[in-house]
Visitor: 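I have a structure here, written as structure tokens, and I will follow up with some questions on it.
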Amino acid sequence: MAELYVGSYAESSPGPYRERASRLAGAVVWTRTAVPGDAAPVLPDGCMDLLWTEGRLFVAGPDTRAYVSGSGSDVPGSGAGGARRYAGVRFFPGSAPSCLGVPAHELRDRRVDLAELWDAGQVRRLTERVDAAADPAAALEAVAVRRAADAEPPDPRLRAVVAALSTGWSVASTAERVGWSERQLHRRALAAFGYGPKTLGRVLRLQRALALARGGVGAAEVAVVAGYADQAHLARDVRELAGVPLGVLLRAR
């Protein structure tokens, strides 16, 4: 089965945002500068992120709705000129829990300091190391790479789950494809993705629809190709997951 999932930070912001492929399989390393008055919605994408901003390492759990961050709202204080730099490693869906050592559902819709998950002394030293690095994003990536090397690799069937749901397979067909019962799939999905396969399918379908719309495909065709019942179904799902209509997302991009 072709793996069609393409992760998307899906963030609109006046501050610079850049990303590149990570040394971790399927992951992305990104950087962003938040500026005063910047309120940037981060859309559900099935991913978890290891994040840095000066003086803090933290984790963004899997979102079930748009998360809106504003400069200075996540971390007290600000950088020079009121701007604050961020860097992140966005893990491929299902791969973060084995690296971070925590089930995804425990972090659902949450931002949690890394010191709550790992040894506080170790996190303090890592934070100082990333703070002092000439390239904080590369230093953060190195933290994730070393941690992943010492961890048990994620079950490879999780990638098959993402591939199946990304292409519109039903939960029953996906479970059969990977050799699990639907109950087993639901339990494993909660631990790996933070929510069940039905919600994961909705999130991945949203990302598929956004990719089509941003590529210039009209809303009616997006609804058909992405697997919605009709354009009204697309509109409802986008508003429920993103908090705003599709047109607003496209204009803000």
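No hydrogens, no waters, no symmetry mates; every other heavy atom, side chains included, goes into these values.
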Visitor: Mark yes or no for whether Arg90, through its side chain, and Asp49, through its backbone, hold a donor-acceptor pair below 3.5 Å.
Guide: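 No; judged by distance alone, with no hydrogens or angles, the pair does not exist.
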Visitor: Shortest non-hydrogen contact from Thr31 to Ala137?
Guide: CG2-CB, 3.6 Å
Visitor: Rounded at 0.5 Å granularity, tell me how far CG in Leu185 sits from CZ in Arg177.
Guide: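 Leu185 CG to Arg177 CZ: 12.5 Å, rounded to 0.5 Å.
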Visitor: When you check the gap from the basic side-chain N to the acidic O, do Asp63 and Arg111 get nearer than 4.0 Å?
Guide: yes
Visitor: So, taking the atom named NE2 in His186 and the one named OG in Ser181, what distance separates them when rounded to the nearest 0.5 Å?
Guide: 11.5 Å
Visitor: Atom CZ of residue position Arg18 - does it have more than 12 heavy atoms of other residues, nucleotides or ligands inside 6.0 Å?
Guide: no
Visitor: Could you list the residues that satisfy side chain to side chain contact (heavy atoms under 4.5 Å, CB included) with Asp155, not counting sequence neighbours?
Guide: Arg157, Leu158, Trp180, Arg188
Visitor: Taking the basic N atoms (NZ, or NE/NH1/NH2) and the acidic carboxylate oxygens, is any pair closer than 4.0 Å for Glu240 and Arg65?
Guide: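 Answer for the salt bridge query: no.
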Visitor: Can you measure from OH (Tyr17) to OG1 (Thr33) and round to the nearest 0.5 angstrom?
Guide: 12.5 Å
Visitor: Which value, rounded to the nearest 0.5 Å, describes the distance between Glu182 atom CD and Ser170 atom OG?
Guide: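 Separation between the atoms: 7.5 Å.
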Visitor: Counting distance only, does the side-chain N/O of Asp131 pair as donor-acceptor with the main-chain N or O of Gly55 below 3.5 Å?
Guide: yes
Visitor: Ignoring hydrogens and angles, tell me if any N or O in the side chain of Ser166 forms a donor-acceptor pair with the backbone of Val162 under 3.5 Å.
Guide: yes
Visitor: Distance-only, no hydrogens or angles: does the Gln231 side chain make a donor-acceptor pair with backbone N or O of Glu221 under 3.5 Å?
Guide: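 No; zero donor-acceptor contacts below 3.5 Å.
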Visitor: Pro44 and Leu206: which non-hydrogen atoms are nearest, and at how many Å?
Guide: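 Closest pair (atom of Pro44, atom of Leu206, distance): O-CD2, 4.2 Å.
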Visitor: Is there a donor-acceptor pair closer than 3.5 Å between any side-chain N or O of Thr199 and the backbone N or O of Gly196?
Guide: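 No; zero donor-acceptor contacts below 3.5 Å.
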Visitor: With a distance cut-off below 6.0 Å to the six-membered ring centre and an angular limit of 45° from the axis, does Arg205 pair with Tyr228 as a cation-pi contact?
Guide: yes
Visitor: Without hydrogens or angle criteria, can the side chains of Thr53 and Arg84 be said to hold a donor-acceptor pair below 3.5 Å?
Guide: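 Side chains of Thr53 and Arg84: pair found under 3.5 Å.
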Visitor: Holding to side chain to side chain donor-acceptor pair (under 3.5 Å), I want the full list of residues that pass it with Arg110, two or more places apart in sequence or in another chain.
Guide: none
Visitor: Mind listing the closest non-hydrogen atom pair of Leu165 and Pro197 along with its distance?
Guide: CD1-O, 3.6 Å
Visitor: Tell me the closest heavy-atom pair linking Cys99 and Ala148, and the distance in Å.
Guide: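 Cys99 and Ala148 have their closest heavy atoms at SG-N, 3.8 Å.
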Visitor: Working to the nearest 0.5 angstrom, can you tell me the gap between Arg124 CZ and Leu114 CG?
Guide: 13.0 Å
Visitor: Who passes side chain to side chain donor-acceptor pair (under 3.5 Å) against Asp119, sequence neighbours left out?
Guide: none
Visitor: Between Asp113 and Ala115 (side chain of the first, backbone of the second, donor and acceptor by atom type, cut-off under 3.5 Å), is there such a pair?
Guide: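 Side chain of Asp113 to backbone of Ala115, a donor-acceptor pair under 3.5 Å: no, none is there.
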Visitor: Does the side chain of Glu152 pick up a donor-acceptor pair with the side chain of Ser98 at under 3.5 Å?
Guide: no
Visitor: Once rounded to the nearest 0.5 Å, what's the spacing between atom CD of Glu141 and atom CH2 of Trp52?
Guide: 15.0 Å
Visitor: What is the minimum heavy-atom distance between Thr127 and Arg56, and which atoms define it?
Guide: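 Answer, listing the atom of Thr127 first, then Arg56: CG2-N, 3.6 Å.
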